[in-house]
Amino acid sequence: MPTVRLADYRPAVCLINRTDLTVRLFDDHAEVEAQLAFEPNPAASPGPLELRGLDLTLLELRLDGEELAPDAYRLSDDGLVIAAPPRRPFLLQSRVRIHPHTNTTLEGLYESGGMLATQCEAEGFRRITFHPDRPDLLSRFRVRIEADQQTCPVLLSNGNCVDTGLLSGEDGAPPRHYAVWDDPFPKPSYLFALVAGRLEEVQDTFTTASGRPVRLRLHVEPGDAPYTAHAMASLQRAMRWDEQRYGLEYDLEEFNIVAVRHFNMGAMENKSLNIFNSKLVLADAETATDAELERIESVVAHEYFHNWTGNRITCRDWFQLSLKEGLTVFRDQSFSADLHGLALNRIENVAVLRNTQFREDAGPTAHPVQPDAYQAIDNFYTTTIYEKGSELIRMLHTLLGEDTFMEGMALYVRRHDGSAATCDDFVQAMQDAAEAAWAREGVVPAPFEFAQFRRWYHQAGTPVLTIHRHWDGTAGVLELTVEQHTPPTPGQPEKQPLVIPLALGLVDQAGQALPVQLEGEQPETAAAERNGAWGAHTRLLVIDQPRQQLRLVGLPPQAHPPALSLLRQFSAPVKLEMGRTTAELVHLLAHDSEAFARWDAAQGLVGQAVQARAAGHANEELEELLIAAFGRILADPLLSEGSRAALLSLPGLAELEDASDQPDPPALFAALLALQRRFGEALAEPLQASLERCRPAWPLAWPEGSGARRLTGTIWAWRAAAGDPAVIQAAREAVDGGSMTLARAGLRALQCLPIAARQEAVDAFYRRWQEKPVILDAWFALEASAPFPDGLERVERLLHHPRFDPAAPNSVRAVLGGLAGNPPVFHAIDGAGYRFMAHQIAALDQRNPITASRMAKVFSRWQSYGPERRERMRQALTALASGTLSTNTREVVEQCLATELSASGLSAAAR
Ligand code: TRP
Ligand code: ZN
């Protein structure tokens, strides 16, 4: 398997001015004619012209109209090379046959639910026609689509529709028609899209800030139009927000979204023709949960925001993927925070980051935000590229402040609009804006070195900050010693110190915030000014040494040190080690005015309680403290229901596993359940009172009432675990009600209980939604994660269920992902769950490598478990490795097997 390396990047030998396509669609195949207008690239030395092509049957190849002699080019499995292309502009014409109807990879052109659709990112365009298919080659596209008028009344591609009409066919043949689309913006091939089929459309409009009307259309399978209002409204909000916050307007007369049932990922930002996984379009309060509605809003916004950060400015090569993805995630997170409040949004994003990205960063597939080598690019659409990438942008925002960050952003857009850029280009724009601002404001010395900040892009692994304190109670001085350390990751045994923005606050014994003043600084004013949005009681420190000491002065002298509220708003993607006592965390949970740090204190305490139970001895004292704290939170009139729900949320299993030495997943899972039961019993009255308080908000339309519904879900889960018959009945009945949020909250509350009401609720859900595949996937996931002894037979039955569609990645992920999230079954000590999973992944890999290799990552933490599980997981991985695998899945499996766990964590092995 060849490795692609950043160091091997070379500019293309030829540029392309135009890509003109004619795509003729037939019942069982398609024919694609391409005319590529090439010219020599002045920035490259002459050489062979490399075109990529996969599963294409070449029918014709011409250069400037002349059939190309067989010895002028070389055709291989993955492309076509013209040894000596002309040193002047020339036209290359090809005609190929492709088979979209039997294409199960869901890359290139494929069939889904009777329609034809494309997915070209990252390298799918080469399954449509011969083309260089690299993101740094931008060309203007003109696309003519021809198809049967009956089966494909709707024909879409990028840009503006410039012509449509009927084709004159043979007598008696079904009538055919055509449409011609022209995209005035040069783009890389990965942003090409085409859709043809029988689709229902919903229309609306948007008027841009400068007054240009845009026609907005959503295209869905017939019957689904009633479920499009939420996605449409989300799109309009996103368009407005990007104008208001970033000054970025939409640039074409139309914008289309198509919902497709069979899709490998969430959605795709093709220029003016976004294609979405239908689960991220179709929704209303009856059919989708609040969390799903919010996710839809953010993904619609994400794909729309790519129009500038991704499309107008694209990536030079795939090593720069985070240039568009990290930045666009940062933008969609800011959008959601502006709409729904920063505090809870941040908490949710951090919970996801810790349970996915931290885990990835600690395992064999850990990689930097800007990797320097890969085998299959599809494997690099990871939480590190997306979520950690977004954290890097957020740290720049934190370090520079909103105004300077926006100046950097404007500079980035001015410099790179219409071209393919690198991550470093982005950081350079930020640096130039920052240096200009610092010079203007006389900030000397620079608060941090950009060269050092750039290391974040190249170093994998989650940094750990270790903090030691010394409190001088007579002088009122708190001395902090901060050490940073990034553990080794595959291929990177040694790490260098990073620039880490650390936001901190102090809370005194009475629960009041204390001013944070560094030695040598003016009290209050200076700090408050430099601090910008943080306010006077939070101090942003820049940690950039392996070890540094900070003296916080001017504190009231007293025997007890103030409590340390650290990493406020999660100011950097790091772990903290500082040995805070239970009492200090309880104090922060009660009094910290900063929402994230307060939540984090709760997470830390609950995490300890779970670990203690999993180890076989519940920490009674800690649990009592938590019960008292939760009781106060449930009754605190200053908190919203959503904040209460967040403070009461339990840490995720992945995070709990990563915090244990040789984790025992079934034990952690049982501990979580036991703790819910304990809370449910001990807090019966305040929970009941809160339930009554939440009830009136149940029928309110999202986003109204979502906090109350979320807290209801927690209360149901705790009270159902404690056996409350009224709650069990309410949870069961919610499945028949008008709110999907409550229905799923009810199902979740009953999910792990071996009682009749559970199966009744699950069956009722099935009966109600069996005709709606998008919704039924939630049922598949529930059943697959039912933690009962018949687990594997249940999963086996699901895979053979008449409503199970093995070609739909959503359904496959529901069942196999459900199994992976079912600790007692997946992690059964005899290894049966692992063997079953490996077998399924091998089968899936035959049809859909992208989805299979993503699933294979369920084995990535095998080395962290105890000896039996480790050995059984290794066997499963080895069995996988011994079969025929796609490049994608082989890369993941071999990465997993290639690293050895040493005493200090992961060390590099043969790579
Ligand atoms: N660029 C898409 C996004 O916005 C990601 C994506 C969609 C993708 N479909 C894909 C990546 C298929 C690889 C393969 O996040
Ligand atoms: Zn994206």
Side-chain angles (χ1 to χ4, degrees), residues 54 103-110 112 117-128 133 135 158 187-193 195 235 238 242 257-281 295-315 318 320-336 352 356 369 374-390 393 423 808-810 813 848-855 886-889 891-892:
L54 271 183
N103 176 1
T104 60
T105 63
L106 313 190
E107 273 192 292
L109 181 64
Y110 65 92
S112 169
T118 54
Q119 172 54 41
C120 292
E121 188 179 6
E123 296 181 334
F125 194 67
R126 62 193 61 183
R127 295 178 173 275
I128 295 173
D133 198 16
N158 319 84
K187 65 169 176 287
S189 48
Y190 82 87
L191 290 173
F192 164 78
V195 171
L235 174 61
D242 215 13
I257 292 180
V258 181
V260 175
R261 165 74 181 145
H262 300 81
F263 204 69
N264 276 334
M265 308 264 282
M268 180 61 210
E269 70 263 24
N270 318 296
K271 183 82 186 184
S272 78
L273 179 52
N274 287 1
I275 298 183
F276 272 61
N277 188 319
S278 48
K279 77 166 186 194
L280 288 167
V281 173
R295 167 128 177 92
I296 290 171
E297 184 184 65
S298 81
V299 176
V300 168
H302 177 100
E303 305 309 332
Y304 173 73
F305 295 158
H306 269 315
N307 190 51
W308 281 94
T309 50
N311 301 1
R312 293 281 293 248
I313 304 174
T314 190
C315 301
W318 294 118
Q320 320 299 329
L321 180 57
S322 195
L323 172 72
K324 73 178 177 79
E325 295 305 347
L327 179 54
T328 305
V329 170
F330 173 74
R331 276 151 52 70
D332 82 56
Q333 291 183 353
S334 311
F335 166 75
S336 299
V352 170
T356 58
V369 168
Y374 61 76
Q375 287 174 353
I377 183 55
D378 305 299
N379 286 338
F380 278 81
Y381 286 75
T382 61
T383 172
T384 296
I385 302 292
Y386 278 68
E387 277 77 26
K388 187 175 182 180
S390 162
I393 309 284
C423 293
N810 293 3
R813 279 190 291 260
N848 188 332
I850 290 182
T851 299
S853 69
R854 295 176 83 79
M855 198 49 77
S886 66
T887 308
N888 302 53
T889 302
E891 182 179 27
V892 170

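Nothing fancy with the numbering, it's 1 onward along the sequence. Remember, it's 1-based here, ligands and their atoms both numbered in the order they're listed. Everything numeric in this text was worked out from a predicted model, so none of it was measured.
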Quiz item: Can a non-hydrogen atom of Glu107 be found less than 4.0 Å from any atom of ligand 1?
Solution: no

Practice problem: May I ask you to identify the nearest protein heavy atom to atom 1 (N) of ligand 1, giving residue, atom name and distance to one decimal place in Å? | Solution: Glu121 OE1, 2.5 Å

Quiz prompt | Thr889 versus Ser853, side-chain donor and acceptor atoms under 3.5 Å | solution = no

Quiz item: For ligand 1, which atoms, with element, lie under 4.0 Å from some heavy atom of Lys324?
Solution: 1 (N)

Self-check item: Check: Tyr386 N/O within less than 3.5 Å of ligand 1 N/O
Solution: yes

Self-check item: Any N or O of Asp378 closer than 3.5 Å to N or O of ligand 1
Solution: no

Quiz item: With a 4.5 Å limit on heavy-atom distance, are the side chains of Phe263 and Lys279 in contact?
Solution: no

Quiz prompt | Numbering as shown, the atoms of ligand 1 that approach Glu269 to under 4.0 Å (heavy-atom distance) | solution = 1 (N), 2 (C), 3 (C), 4 (O)

Exercise. Run the numbers for me: atoms of ligand 1, each under 4.0 Å from some heavy atom of Glu325, listed by number.
Key: 1 (N), 2 (C), 3 (C), 4 (O), 15 (O)

Self-check item: Whether Phe305 and Phe335 hold their rings parallel, tilted or perpendicular, with breakpoints at 30° and 60°
Solution: perpendicular

Quiz item: Less than 3.5 Å between some nitrogen or oxygen of Asn264 and one of ligand 1, yes or no?
Solution: no

Exercise. Please work out whether any backbone atom (N, CA, C, O) or any side-chain heavy atom from C-beta onward of Met265 is under 4.0 Å from ligand 1, and answer side chain, backbone, both or neither.
Key: side chain

Quiz item: Do side-chain atoms of Gln119 reach the backbone of Gly108 as a donor and acceptor pair under 3.5 angstrom?
Solution: no

Practice problem: Step by step, work out the side-chain hydrogen bond (donor to acceptor under 3.5 Å, both in side chains) result for Tyr386 and Ser322. | Solution: CA-CA 6 Å; Tyr386 278 68; Ser322 195; over 6 Å; no

Exercise. For atom 4 (O) of ligand 1, state which one of Arg854, Glu303, Gln119 supplies the nearest heavy atom.
Key: Glu303

Quiz item: Got the closest protein heavy atom to atom 7 (C) of ligand 1, with its distance?
Solution: Ala267 O, 3.0 Å

Self-check item: Ligand-side contact atoms (ligand 1) for residue partner His306, heavy atom cut-off under 4.0 Å
Solution: 4 (O)

Practice problem: Could you tell me the angle subtended at the Zn ion (ligand 2) by NE2 of His306 and NE2 of His302, rounded to 10°? | Solution: 100°

Exercise. Look at the rings of Phe380 and Tyr374 and say which category their plane angle falls in: under 30° parallel, 30 to 60° tilted, over 60° perpendicular.
Key: tilted

Self-check item: Exam field: side chain Thr328 to backbone Glu325, donor-acceptor pair closer than 3.5 Å
Solution: no

Exercise. Please name the atom of Glu325, restricted to N, O or S, that is closest to the Zn ion (ligand 2).
Key: OE1

Practice problem: Evaluate the criterion side-chain hydrogen bond (donor to acceptor under 3.5 Å, both in side chains) for residue pair Asn158 and Ser272; output intermediate values, then yes/no. | Solution: CA-CA 6 Å; Asn158 319 84; Ser272 78; 5.0 Å; no

Exercise. Give a yes or no answer on whether the side chain of Asn888 reaches the backbone of Asn379 with a donor-acceptor pair at less than 3.5 Å.
Key: no

